Each structure stands twice: as structure tokens, then as C-alpha cells.
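All remarks here apply to the structure that follows.
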Amino acid sequence: PVESHYPPSCLQSLTIAIMSPPSKRRRYSLEQGRHPPPSEHQSHEEDAQVLMAEEEEVSASSTSSSCFPLSSRSSSPSCSLLPSTPESVSATGSSFTSQSTQISYSPSQAIATSVSGNSDEGSISQGEESQSILQASPDYEAMLREALDVKVADVVQFLLLKYQKKELTTRAEILTIIREYQDHFSVIFRETAECMQLVFGIDMKEVDPTSHSYVLVNTLGLTYDGMLSGDYGVPKTGILVLILSIIFLEGNCVPEENIWKALSTMGVYAGRKHSVYGDLQKLITNDWVQEGYLEYWAVPNSHPTRYEFRWGPRAHAETNKMKVLEFWAKICDSDPRAYPFWYEEALRDLAERAQSSIATETTTAMY
Amino acid sequence: MQCGPRRMSVMTDVHRRFLQLLMTHGVLEEQDVKRLQKHCYKVHDCSAPVEKLEDFINNINSVLESLYIEVKKGVTEDDGRPIYALVNLATTSVSKMASDFAENELDLFRKALELIVDSESGFASSTNILNLVDQLKGKKMKKKEAEQVLQKFVQSKWLTEKDGEFTLHSRAILEMEQHIYETYRDSVKTCSICHSLLIQGQSCETCGIRMHLPCVAKYFRSSSEPRCPHCSDYWPHEIPEVFNPDKERESSTSKPNKTSSRSRQH
């Protein structure tokens with residue numbers, strides 16, 4: 001899926017792995033691309049890109065001036081390269097250029113990266129670059145590197161807490177943690193983001209560019225496995241995806257009665273214990289709402305109060321309409337394209353996500 | 001996605017999901033950890049055989065090392081169940097407790113912790129903890145409020161309660177072992193068998209050495225006449241039974257009589 005913008009940080013970590021002095025952190029290596037995409041995904045991706053290109057030509061060309069490449073899926077194989085010599089950095093850089101579709105990545109920036117020896121991908125300001133040349137003495141570098149490593153570890157631990165509590169974090173909070181190294185915020189931030197992604201599979205997505213607040217989302221898809229509510233019964237993720245499908249197919253907002261009607265075809269009724277699934281009422285109207293997968297809204301001015309379900313923020317973060325449509329199509333033994341109305345909406349959703357992840361990458365690169 | 005032969009440490013989606021879920025649970029018993037591991041393999045459609053848990057975790061830990069984080073294995077003090085938690089190794093100001101509780105609440109925990117470490121039994125009574133409410137830093141706290149805070153600690157698995165007395169949850173022991181050693185250097189107790197931190201245990205009445213209950217169980221497993229390893233005097237206490245995971249799964253209803261008086265504390 002487009003929102004796992006994995007490849008750009010691949011290049012960064014390769015750069016860091018090569019350029020920095022032996023540091024304990026860089027022991028993790030990258031596996032050969034994450035999920036080898038099945039061919040259907042490839043074509044959805046292309047559809048989405050076409051849609052994006054048609055609708056957003058202006059912003060696409062303006063983002064090409066930013067030095068942060070958003071590579072298409074075809075460039076993910078480049079991440080599996082583990083060059084052992086610095087020369088290979090620019091080689092990787094240029095392979096990016098040839099493979100990235102809409103955004104250009106100038107070779108001079110790749111060279112600047114290998115020369116300055118820090119993880120900036122060319123978006124370094126003049127001031128930073130001259131500073132890094134001045135302070136290039138090995139002792140200072142080593143000490144700084146060590147101190148920054150510790151700070152990155154601190155920020156990672158802080159972010160893990162935030163992730164567990166499902167809270168947003170802000171730039172200000174992170175600055176408080178790194179304290180005297182605030183000048184190195186961009187480096188620390190970037191390395192932290194990489195670490196979170198590569199080690200924990202958690203992405204930092206900017207929610208609000210004005211207040212610089214971030215949400216921490218899981219890039220692996222739905223994490224719910226039924227263990228959280230202490231429930232060791234049959235995994236109920238299937239029911240969750242079913243409900244998310246129904247909500248999507250009925251226009252992103254569905255009255256509660258419709259959900260129960262659909263579930264009744266499976267023999268599941270509110271308030272009655274099902275032999276396999278148990279009592280789902282609490283799970284659907286309370287637990288999954290708390291987990292952030294569903295939103296349960298009271299319809300205003302309804303007597304007796306009626307409720308509606310929508311996707312919750314965690315559902316939006318962990319999955320997307322296309323995946324859900326594919327699930328539904330599989331159940332009906334057909335193909336997402338057989339539902340043109342929803343297929344288009346799912347494509348638009350993918351395009352929007354791609355657009356916002358470009359925006360995130362661009363703003364991140366500017367720190 | 002690599003699930004095959006181990007070269008250097010490789011983080012795959014299987015490992016990442018495992019970490020995420022372990023983090024979410026806080027602390028897990030070994031059989032749940034194994035379930036979790038299998039679940040992660042299944043979710044990512046990994047056809048490779050599930051790696052031995054020890055190796056799986058060692059792999060992850062070698063990557064986490066530079067972040068001062070570790071998947072740590074411990075053993076519950078009361079009945080010897082193996083448990084795992086993701087712990088911070090660096091004692092910095094960023095700790096799990098510090099972000100969840102207010103200043104006066106943290107101080108209440110510190111006071112309770114001190115009483116627990118100093119006590120003979122490893123338990124501090126609710127009354128004794130609440131009597132220290134006036135000495136807390138930060139906003140003034142009433143006893144009623146303190147009772148609720150103590151319950152919050154129990155719910156978030158920092159303390160466990162038994163008959164109105166509080167001791168450290170096994171998770172807290174895993175997370176805070178280093179901190180406790182440093183802070184209570186003089187009063188901290190250690191087990192003579194495994195040499196790690198001891199909160200609850202049995203002690204020899206003659207020479208005073210201490211052992212964890214599961215350590216006692218293992219050490220005296222097949223002796224008819226248990227004697228203190230240090231002074232050879234008769235061991236005066238009831239010998240608990242060694243935790244046996246297979247036995248647990250079979251007899252889910254009946255518990256061995258020797259451990260029936262002790263409640264599951266996590």
C-alpha cells in the first residue's frame with residue numbers, strides 16, 4: 001500500500017550505515033523489500049498514480065523541486081542492496097533517479113550526502129553544511145555521534161510510550177527530551193523515525209503542520225488479535241473487517257441496525273451469546289470503539305437514540321478502503337473492479353494517502 | 001521477507017509485529033509469548049518454521065541493544081512462571097511510570113517500594129503505605145485518594161495485592177531491578193541460588209540466607225531432607241512445587257495442594 005513509504009528511509013539508513021563510525025545501532029539490516037507486492041496491488045498503485053497525476057499535476061511538479069524522493073514500488077529492490085563502500089551511495093542515488101516516476105532526485109545531492117557524511121539527503125542548509133565541515137575533527141565527531149545515539153534512544157523510548165497510550169506527540173515534546181542537542185533536531189528526528197519504522201514497524205505521520213504534531217501508526221495493517229481485551233477466544237478480526245467493509249460499502253456511515261442485520265445472517269445477534277463468537281455487542285459498541293477501530297455516534301434528535309458506525313482513526317491508520325474492498329470481493333468470489341463505484345472511491349482514497357505522505361516527506365525533509 | 005537461516009540480525013515484519021504486540025501487553029507469560037510468536041508468523045504468511053523462542057528473542061535483542069531496550073525474561077516470584085517484558089535498560093528520566101502518573105503518585109509508589117524492599121516478607125501493608133501520605137511530594141493527597149492510586153498501580157501491573165498487602169508485580173521487578181539495586185543498595189535482598197533481586201522468598205532461620213520460592217523448589221526438588229545450602233541446618237519451610245507448564249495445561253482445574261494457598265499474583 002502506498003502509505004508505507006518505506007523506500008526513502010531505506011536510502012537514509014544505507015547512507016548512515018556506511019558513513020557513520022562503527023555504531024552499535026547499525027546492526028540491523030534490511031530484508032529484500034517488505035512485502036513483495038502481488039500483481040493486483042501493482043495495478044492499483046498505477047491506477048492511483050494516474051489519478052494523482054491527472055488531478056494533481058501542479059503540486060507534483062512543485063514537489064519535484066524538493067529533494068525528497070517518493071519512489072514507486074519498483075524501486076524497492078534497491079533497498080535490498082547493502083553496499084559496503086561509500087562509492088556505492090551515489091550509485092544507489094542514481095538508481096533512484098532512474099526509477100522514481102514523478103519526483104526527481106538530483107545526483108549532486110547524493111554526492112553532497114556522501115561528502116558531508118551526515119544523514120541529510122541534500123536538504124541541508126548552508127549553515128549546517130559549513131558547520132559539519134568545520135567540526136569534522138574525528139574526536140568531536142565520535143563524541144557527538146555517541147551523544148546523538150543516546151538521544152535517539154531516548155526519543156525512541158518516549159515515542160514507544162506514546163504509541164502504547166495511543167497519544168499524539170508534538171515537536172515541542174521531542175525537543176524537551178533532546179534538550180541541549182536541539183540544534184541537531186533534524187538528524188535526531190530522522191534517525192528516530194527510521195528506527196521506529198525499521199525496528200518496530202511504526203510510522204510517524206504529521207497530523208498538523210502548524211503545531212507539528214504527529215501520530216504514531218502501525219505500518220503492518222490491523223494489529224488487533226483479540227488478545228488485548230483478555231479474550232483468548234476465536235480471533236474476531238474477521239468480524240471487524242466485515243464491519244469495516246459494510247461501513248465503507250454503505251457510504252462510510254451506517255446505522256447500527258444495519259450492522260446487526262448483516263451479522264444476523266451469520267447467526268450473530270446483539271445480546272445473545274454466539275457459540276463461536278460469544279457476545280459481540282460489547283466488543284462492537286465498546287471495545288473496538290476504545291481501540292479506535294470504530295466510531296459510534298449518536299444520531300442527533302433521534303428518540304429513542306439511534307447510533308451510527310463509522311471507521312475509527314485506527315482503522316484509517318492501519319488499513320485502507322482498497323484492502324477492505326478486496327476482502328469483500330474475495331468473500332463474494334469476485335474482483336474489486338466489479339464494483340466500479342466503490343473501486344473508484346478506494347482509488348481516490350489511495351491517491352489521497354499518497355498525496356499526504358508526499359506532503360509529510362516534504363515537510364520532514366525541510367527540518 | 002526473510003524467515004529462513006539466521007545471518008546477522010534481520011528485522012522482519014514478523015519481529016516488528018511481535019514487538020508491537022508485546023509492548024501492548026506489557027508483560028506476558030511464556031506460553032502466551034509463544035502463541036504471540038506463532039501468531040506473528042501466521043499473520044505475515046511466513047512459511048518458514050517458527051524459530052526457537054530463545055533465538056527469536058536473542059535476534060530481536062541484538063537489534064534493540066543500541067536503543068537500551070531489551071526483551072527481558074524473568075520468573076514470577078510466587079510460582080515460578082516464566083514471563084517476558086520489553087524493558088528500558090537505561091535509567092533515564094523517560095520511564096514508563098513517569099509518563100503515566102503525577103508527581104505525588106510517583107512518590108507514593110516510591111514510598112511503597114521502599115517499604116516493600118525493607119520488609120521481611122516482601123509485602124507492605126496498605127495501612128503502613130497510607131500512613132505515609134502526608135510525606136508525599138507534590139499536590140496533597142488524601143488517604144482515600146491514595147487507596148485509589150494504589151489500585152491504579154495494581155491495574156497497570158506495577159504492584160500486586162494480596163489480603164490488603166502490596167508487593168511488586170513481576171513486571172515491576174523486571175523493569176526496575178537495576179534501579180532498585182542502585183537506590184536501595186544497603187537494604188536490597190538477593191537470592192543465594194540465582195543471585196538476582198529478591199522481594200519475596202524463604203530464608204534460613206539460622207544463617208539468614210534467602211532464596212526465591214521457585215529457586216527453593218528447584219534446589220530441593222528431589223531431597224527428602226531439605227537442608228540449608230549455607231549452614232546445613234534443616235530447612236524449616238514448606239517446599240513449593242516446581243512450575244511445570246505441561247502439568248498446568250493438563251490439570252486446568254485442580255492445583256497442586258502445596259501451592260493452593262498462594263494466589264496467582266499477576
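So you know, we letter chains A, B, ... as the sequences are listed, proteins then strands, and number each from 1. This one's a predicted model, so the numbers in the text were calculated from it and none came from an experiment.
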**Message:** Is there a side-chain contact (heavy atoms from CB on, under 4.5 Å) between A/Val150 and B/Tyr68? Walk through the geometry before answering.
**Reply:** CA-CA 9 Å; A/Val150 172; B/Tyr68 306 103; 3.8 Å; yes
**Item:** Qualifying residue, where the test is side-chain contact (heavy atoms from CB on, under 4.5 Å) with A/Phe200 and the options are B/Met23, B/His15, B/Met11
**Value:**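 Exactly one option meets the side-chain contact (heavy atoms from CB on, under 4.5 Å) with A/Phe200, and it is B/Met23.
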**Request:** Can you tell which part of B/Ile60 gets under 4.5 Å to a heavy atom of chain A, answering side chain, backbone, both or neither?
**Result:**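 Contact with chain A: none, neither part.
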Can you confirm whether [X] is buried at [atom1], in the sense that more than 12 heavy atoms of other residues, nucleotides or ligands lie under 6.0 Å from that atom?
X: B/Glu54; atom1: CD; result: no
X: B/Glu147; atom1: CD; result: yes
X: B/Lys34; atom1: NZ; result: no

**Asked** Counting N and O atoms only, with roles assigned by atom type, does the side chain of A/Gln157 sit under 3.5 Å from a partner on the main chain of B/Asn88, one being a donor and the other an acceptor?
**Response** no
**Request:** Could you pull out the closest heavy-atom pair between A/Gln197 and B/Arg16, with the gap in Å?
**Result:** O-NE, 3.4 Å
**Request:** Please report the shortest heavy-atom distance between A/Ala153 and B/Ser66, naming the atom on each side.
**Result:**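 Closest heavy-atom pair between A/Ala153 and B/Ser66: CB-O, 4.2 Å.
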**Prompt:** What distance separates A/Ile202 CD1 from B/Gln20 CD, expressed to the nearest 0.5 Å?
**Reply:**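 One finds 5.0 Å between CD1 of A/Ile202 and CD of B/Gln20.
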**Request:** Supply the atom-to-atom distance A/Leu160 CG to B/Leu67 CG, rounded to the nearest 0.5 angstrom.
**Result:**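 Result: 8.5 Å between the selected atoms.
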